[in-house]
Amino acid sequence: MQLSFKDLKHTFRSPAGEARTVVNIPDWTVQSGEQLLLQGVSGSGKTTLFNITAGLMRPTEGAVYYGEKSLYKLPEERRDRFRARNVGYVFQNHHLIQSLTAAENVAMPMAFAGELSRKQCRDRAVELLSLMGLSDHVDYRPEKMSTGQRLRVAIARALANTPPVLLADEPTAALDTESAVNVMKLMRDTCREHNAILIVASHDPEVAAGFAKIARLQSGELTVEEIQPA
Amino acid sequence: MIYDLYLTWRNIRSKPVQTMIPMLIVALAIGLSTAVLALGNGVRQGVVQSADPFGVVVVGPDGSPQQLVLNTILLQDDPLGVIPYQVYEDLSEEDFVRYAVPLAKGDNIGGQPIIGTNENFFRLSINDAAGSAFQIAEGRSFEQPFEVVLGSIAAERLGLPIGGRFEASHGVRATINEDVHEGFVYEVVGILGASGTPYDTAVFTPVESVWQSHGVPMEGMNTESSDGTVNAGSAQPPSAGDLYGLDIDLGSDSLTSIMVVPTTPGAEVWQIWQQFYNAADAQAAIPGQELGGLFDLLSQAEDVLSSIGYLVLVIAALTLFLSIYSVTVNRRREIAIMRSVGSSRTNIFRMVLFEALIITLLGALLGRFIGYGAAAVIAAGITQESAIPIPIVFLADLEPLLWGLTVMVGIVAGMVPAAMAYSVDVIENLFAS
């Protein structure tokens, strides 16, 4: 499934009433299986673009297409289900639910997608956590886990429904270099395996080094650059 | 929907204190309402059972017919005064009277009322078919003045065996400063089996014993002090104050009331009642009719208590609302996370509403235990005190209403927080610092 943006524009209004366009993408298509790095200074609109792509924030203008389907033409209830099935989103702060165990957090998107039984959701969650090296932590609550472990739970949750699009916002920000490299490898390998689109927002040069395509957001404008292998 | 319920239950379990407080308040409110209703129902049934067990008409002095019935049948309240023994003799000769039972009260032993009567008392039967309600379980019936037969509960409370002796105290119930009828010694000659009526708490003696201990000498009767000294009977007629603290002169032989058993059960009741309709100093009262008036009073008391119960329920609903509201405010980020991974607004709305409903229903369940438990304890206390059986039964007719009310409270209390959760702004709460 390809992901495309048509005449996409998002404008914020300051308290003084001043309009500021943070995303302005006339036409951009990401092909199925593509992996790219999204860069831009703080406040350049990376997170806003991710939120719009995930169907969480309606853009001021334009459309986001998953294949032929226009995301914001779907009624909200269907868009929620669509998000559960088609978008994996790894947040910078992981956003795990503290009262649930690691396995329950991972099972959540599957349960909301409504395609698997509770037992199947649990089995798949345990399988994903094992893939992340957390087989001993399936019944741990996030508060009992390290930052790296929480991130891996968040990645497992994002991959739960094997989504065709995986978004990761500064996923390695709180990790040491070795862990960051491992986590990135895990995400990239998984996406490659499922031919899924992977877009990673990161300032980390170690992370950037692995990508052949970089999208840069500057004052809302997007430019895409191919990196030739050295 | 099942998954929403599962997440709700996990959320409730993760914060037991915030759940327990509103749940307990709901439980207390429901418990209070249940206890009031169950007790009201039990008292009604108990009084109905005890009020007219023998199918009698009660004849007694003029005054409140309700008090006459309460005192004669349920052994509650004070006697109204006295009527001449002649009334009993006249009634006994009437064709429409099968037999009459004279009753003279005024003394007690250890708080158990002493009832002067005759052998007719032991003919009284419940529903007329089961034989006498008062069967001698041990010993024999009284034959002489100052011989007594103990009711089953009285025997248990007093711990007096056959052959046990005692002096009676003045008054229908025990007081701090006991006024003992010195010199008049009663002897236990028999103990009755349980009849399931308030009379199980009483001590029975020939009516002459009561007259004599209050100053009416009986021919050929002497009395004996507890130290064994033999005394001649007093020549002084007893005064009303002597018996009950009432300002009525007591003749040489008087009764506090008479239970009249009609020849045909139920048939001559009105005939007996009419006979006393125009009498100046006596009246006939029909227990069932008089207790109908008592139920009106009971209903009023029940209404007041039920109103308090409903008020507490409103307070419980408000507490529940505040609790769920505050929990939802604190859960906005969690709600935003759930939305971001695919939960819909409807899922979130349901979860908050389920939470309110689960807390309310658990509270209501606990409230049932509290309510029926408290009612049973109070009923046991009343039964112990009065021997009026107060059956606490499951209120099958009222339960659907009570549960309906509970669900309504849960929905009302959860609706606003659920609506708030429904409209949580995902981006604002997901990325709030």
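Each chain gets a letter, A, B and so on, in the order its sequence line appears, and its residues count up from 1.
- If you take NZ on B/Lys15 and OG on A/Ser99, they are separated by 9.0 Å, rounding to the nearest 0.5 Å.
- Counting heavy-atom pairs under 4.5 Å between each of A/Arg79, A/Met57, A/Glu104 and chain B puts A/Glu104 at the top.
- Using a 4.5 Å cut-off between heavy atoms, B/Arg331 does not touch chain A at all.
- Separating the CZ atom in B/Arg333 from the CG atom in A/Asn93 is a distance of 6.5 Å, to the nearest 0.5 Å.
- By the 6.0 Å and 45° rule, A/Arg118 stacks over the aromatic ring of B/Tyr6.
- Interatomic distance, CG of A/Asn105 versus CD1 of B/Ile337, reported as 8.0 Å (0.5 Å rounding).
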TODO: Check step by step if salt bridge (Lys or Arg N to Asp or Glu O under 4.0 Å) holds for B/Arg345 and A/Glu77.
DONE: CA-CA 7 Å; B/Arg345 287 183 192 274; A/Glu77 195 91 3; over 6 Å; no

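- B/Arg10 places a side-chain heavy atom less than 4.5 Å from the side chain of A/Thr101.
- Within a 6.0 Å sphere centred on OH of B/Tyr372, heavy atoms belonging to other residues, nucleotides or ligands number more than 12.
- Between B/Ser14 and A/Gln98, the closest side-chain pair of non-hydrogen atoms is not below 4.5 Å.
- Contact annotation for B/Asp425: neither backbone nor side-chain heavy atoms come within less than 4.5 Å of a heavy atom of chain A.
- Taking OG of B/Ser343 as the start and CZ of A/Arg83 as the end, the distance is 8.5 Å to the nearest 0.5 Å.
- Contact annotation for A/Arg85: neither backbone nor side-chain heavy atoms come within less than 4.5 Å of a heavy atom of chain B.
- Under a cut-off of 6.0 angstrom, the local environment of CZ in B/Phe369 is sparse, with at most 12 non-hydrogen atoms contributed by other residues, nucleotides or ligands.
- Of the atoms belonging to A/Phe82, not a single heavy atom falls under 4.5 Å from chain B.
- Heavy atoms closer than 4.5 Å to chain B are found nowhere in A/Arg78, neither backbone nor side chain.
- Here the side chains of B/Ser344 and A/Phe112 are not in contact, with every heavy-atom distance at 4.5 Å or above.
- With rounding to the nearest 0.5 Å, the separation of CG in A/Leu56 from CZ in B/Arg339 is 8.0 Å.
- Within the model, atoms CG of B/Leu7 and CG of A/Leu100 stand 6.0 Å from one another, a figure rounded to the nearest 0.5 Å.
- In A/Glu143, the CD atom is crowded: over 12 heavy atoms of neighbouring residues, nucleotides or ligands sit closer than 6.0 Å.
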